[in-house]
Amino acid sequence: MHDSLPAEPLSHGLKQRHLTMLGLGGVIGAGLFVGSGAGIAVAGPGIVVSYLIAGAIAMLVMRMLGEMSSAMPASGSFSVHAERALGRWAGFSVGWLYWFLLVVVLAVEATGAAKIANGWAPGVPQWAWVLIFMVVFTGANLAAVKNFGEFEFWFAALKIFAIVTFLALGLLAIFGVLPDTSAVGLSNLTGQGGFLPAGWSGVVSGVLAVIFAFGGLEVVTIAAAESDDPARAVGRAVRSAVWRILFFYVGSMLVIVTLLPWTSMKPGQSPYVAVLDSIGIPAAGQIMNIVVFVALLSALNANLYGSSRMIFSLAERGEAPKGLLKVSGGGVPRRAVLASVAFGFVSVLLNLKWPDSVFLYMLNAVGAVLLFVWALIALSQLRLRRRIEREAPETLSLKMWAFPYLTWAALAAMAAVLVLMLFDDSARPQVLWSAGATAVVLLVAGVRELRTRRV
């Protein structure tokens with residue numbers, strides 16, 4: 001199975017520690033630190049169950065990805081797997097959709113980080129901060145892959161340190177160990193309408209609010225191709241990421257809803273800041289601002305890396321311009337990095353100039369794309385698993401649990417989330433626009449397939 005894949009011309013500069021931290025830190029972003037407030041506002045303490053459900057879907061997808069990537073490491077990861085399992089149309093579609101998703105979301109992260117930096121140094125305009133961030137991370141990604149790895153390692157370490165500290169302080173406050181705090185008991189979990197104040201429909205709304213915060217995990221399997229031992233590295237990174245992520249996400253949600261009444265949460269306001277303020281941590285808002293700032297820059301860095309490797313992989317398979325294949329002496333696909341940055345700059349300009357019109361449509365067009373990508377990953381794994389078992393069973397070092405039942409369960413859960421989004425007024429535009437974007441890409445893939453067959 002390994003033999004049929006071409007050798008990667010990219011560098012092998014990523015170490016195991018880089019991949020492990022990328023797996024953990026890649027998913028801890030502003031969606032958790034700030035966006036979780038919206039989830040708590042609709043689900044109350046039931047948000048813990050929402051995170052368990054969303055986290056379980058993400059874990060299953062990661063396990064499927066880990067299985068395929070450890071058997072067949074490639075810089076295009078799931079785009080390569082989709083092509084091998086379902087045909088060229090699938091590899092083309094999932095690769096371009098994911099690239100589009102990353103370069104659009106990149107604009108949100110650059111703009112968010114610039115807003116925070118502008119608050120600290122109002123003399124420097126927001127657009128100048130965006131320019132600084134884009135230039136710095138473009139430079140880091142152009143130089144050597146280990147630079148990207150080092151940036152991500154320290155960014156992830158800081159985010160993990162922040163969450164672990166938050167969990168420790170929260171537990172001390174819950175048991176009344178901190179000065180000026182008394183044990184809170186379970187009153188916030190059982191009062192204000194009980195543990196599920198909005199019932200199961202609130203839990204479902206919570207899932208819709210938080211599931212997209214798990215996007216970003218996939219970059220680990222893309223990065224694994226640039227490590228010394230891709231098969232082993234991706235297996236270890238996936239194993240460690242899966243249970244720790246649930247611990248960080250579900251653990252911090254439990255702390256928040258135990259310490260504070262859920263009715264005090266406001267969408268757009270960080271529940272982490274609210275907790276730190278309530279237990280008397282000085283300058284809680286500023287501390288969290290720094291953590292969110294780092295989280296945004298970390299996601300910007302990872303998205304720039306992931307998008308460049310995805311478009312490079314597409315070019316390798318003839319699904320993107322061949323000119324993007326040029327690799328530097330250090331094994332960096334510089335033209336692929338610049339192509340991704342160029343589109344990222346366009347997205348940023350649209351976000352700064354027309355945030356509520358043009359850019360909003362683009363953002364809606366990628367809103368539900370992650371679920372389409374995940375669904376194609378699951379379908380690819382269903383097909384490839386049997387083929388690997390037949391042709392090269394020894395490469396199955398990491399196996400999907402309870403195959404094929406949990407793969408089908410994950411697909412059913414994704415379909416359910418999409419259907420529920422259609423019935424949700426705020427989420428419906430995302431599904432419709434994303435479906436439109438996906439249809440366009442599928443149409444292009446179909447036309448290319450027909451032309452190839454004629455030739």
Side-chain angles (χ1 to χ4, degrees), residues 29-31 33-35 37-38 96-142 212-213 215-216 267-270 289 292-308 310-311 320-321 324 335-370 425-441 444:
F33 293 123
V34 182
W96 277 109
L97 281 170
Y98 194 69
W99 182 82
F100 183 48
L101 166 71
L102 293 186
V103 290
V104 170
V105 172
L106 195 135
V108 182
E109 290 146 1
T111 312
K115 275 182 184 157
I116 294 174
N118 180 245
W120 292 331
V124 182
Q126 200 178 311
W127 65 263
W129 280 116
V130 169
L131 189 62
I132 291 165
F133 300 147
M134 296 292 273
V135 168
V136 167
F137 289 111
T138 302
N141 274 276
L142 285 173
F212 295 104
Q269 181 196 355
S270 170
N289 251 352
V292 171
F293 180 69
V294 167
L296 287 164
L297 291 185
S298 162
L300 175 64
N301 189 34
N303 284 359
L304 195 48
Y305 171 83
S307 57
S308 66
M310 184 55 81
I311 202 169
L324 298 172
R335 287 183 182 175
V337 171
L338 292 172
S340 300
V341 171
F343 200 90
F345 264 117
V346 171
S347 301
V348 169
L349 291 172
L350 293 173
N351 192 12
L352 292 173
K353 188 93 175 102
W354 297 290
D356 299 321
S357 54
V358 182
F359 187 72
L360 184 66
Y361 297 135
M362 274 175 68
L363 204 54
N364 278 337
V366 298
V369 156
L370 184 69
D425 291 340
S426 58
R428 193 179 302 115
Q430 289 182 18
V431 180
L432 298 176
W433 276 90
S434 296
T438 305
V440 169
V441 174
V444 173

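These numbers come from the heavy atoms of this one structure, side chains and all, not from hydrogens, waters or symmetry mates.
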From CA spacing to verdict: side chain to side chain contact (heavy atoms under 4.5 Å, CB included), Phe100, Phe343
CA-CA 9 Å; Phe100 183 48; Phe343 200 90; 4.1 Å; yes
Spatial distance of atom [atom1] ([X]) from atom [atom2] ([Y]) [nearest 0.5 Å]:
X: Tyr361; Y: Leu350; atom1: OH; atom2: CG; result: 13.0 Å
X: Asp356; Y: Leu363; atom1: CG; atom2: CG; result: 11.0 Å
X: Leu370; Y: Leu102; atom1: CG; atom2: CG; result: 9.5 Å
X: Thr111; Y: Ile116; atom1: OG1; atom2: CD1; result: 11.5 Å
X: Asn351; Y: Leu106; atom1: CG; atom2: CG; result: 11.0 Å
X: Phe359; Y: Leu349; atom1: CZ; atom2: CG; result: 11.0 Å

When you measure from the side chain of Ser434 to the backbone of Gln430, do you find a donor-acceptor pair of N or O atoms at a distance under 3.5 Å?
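Between the backbone of Gln430 and the side chain of Ser434 there is a qualifying donor-acceptor contact (under 3.5 Å).
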When you measure from the side chain of Ser307 to the backbone of Leu304, do you find a donor-acceptor pair of N or O atoms at a distance under 3.5 Å?
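Yes.
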Neighbour count above 12 (heavy atom, 6.0 Å) for Phe345 CZ:
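Atom CZ in Phe345 is crowded, with more than 12 foreign heavy atoms closer than 6.0 Å.
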For Phe133 and Leu300, what are the C-alpha separation, side-chain angles and deciding distance, and is it a side chain to side chain contact (heavy atoms under 4.5 Å, CB included)?
CA-CA 9 Å; Phe133 300 147; Leu300 175 64; 4.0 Å; yes
Closest contact, heavy atoms only, [X] versus [Y]:
X: Val348; Y: Val130; answer: CG1-CG1, 3.1 Å
X: Trp99; Y: Ala339; answer: CZ2-O, 4.1 Å
X: Leu352; Y: Gln126; answer: CD2-NE2, 3.6 Å
X: Val103; Y: Ser340; answer: CG1-O, 3.6 Å
X: Pro429; Y: Asn364; answer: CB-ND2, 4.0 Å

Among Val337, Asn303, Leu324, Leu338, which residue meets the side chain to side chain contact (heavy atoms under 4.5 Å, CB included) test with Ser308?
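The single option meeting the side chain to side chain contact (heavy atoms under 4.5 Å, CB included) with Ser308 is Val337.
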Parallel, tilted or perpendicular, as decided by the 30° and 60° cut-offs, for the rings of Trp120 and Phe293:
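Perpendicular.
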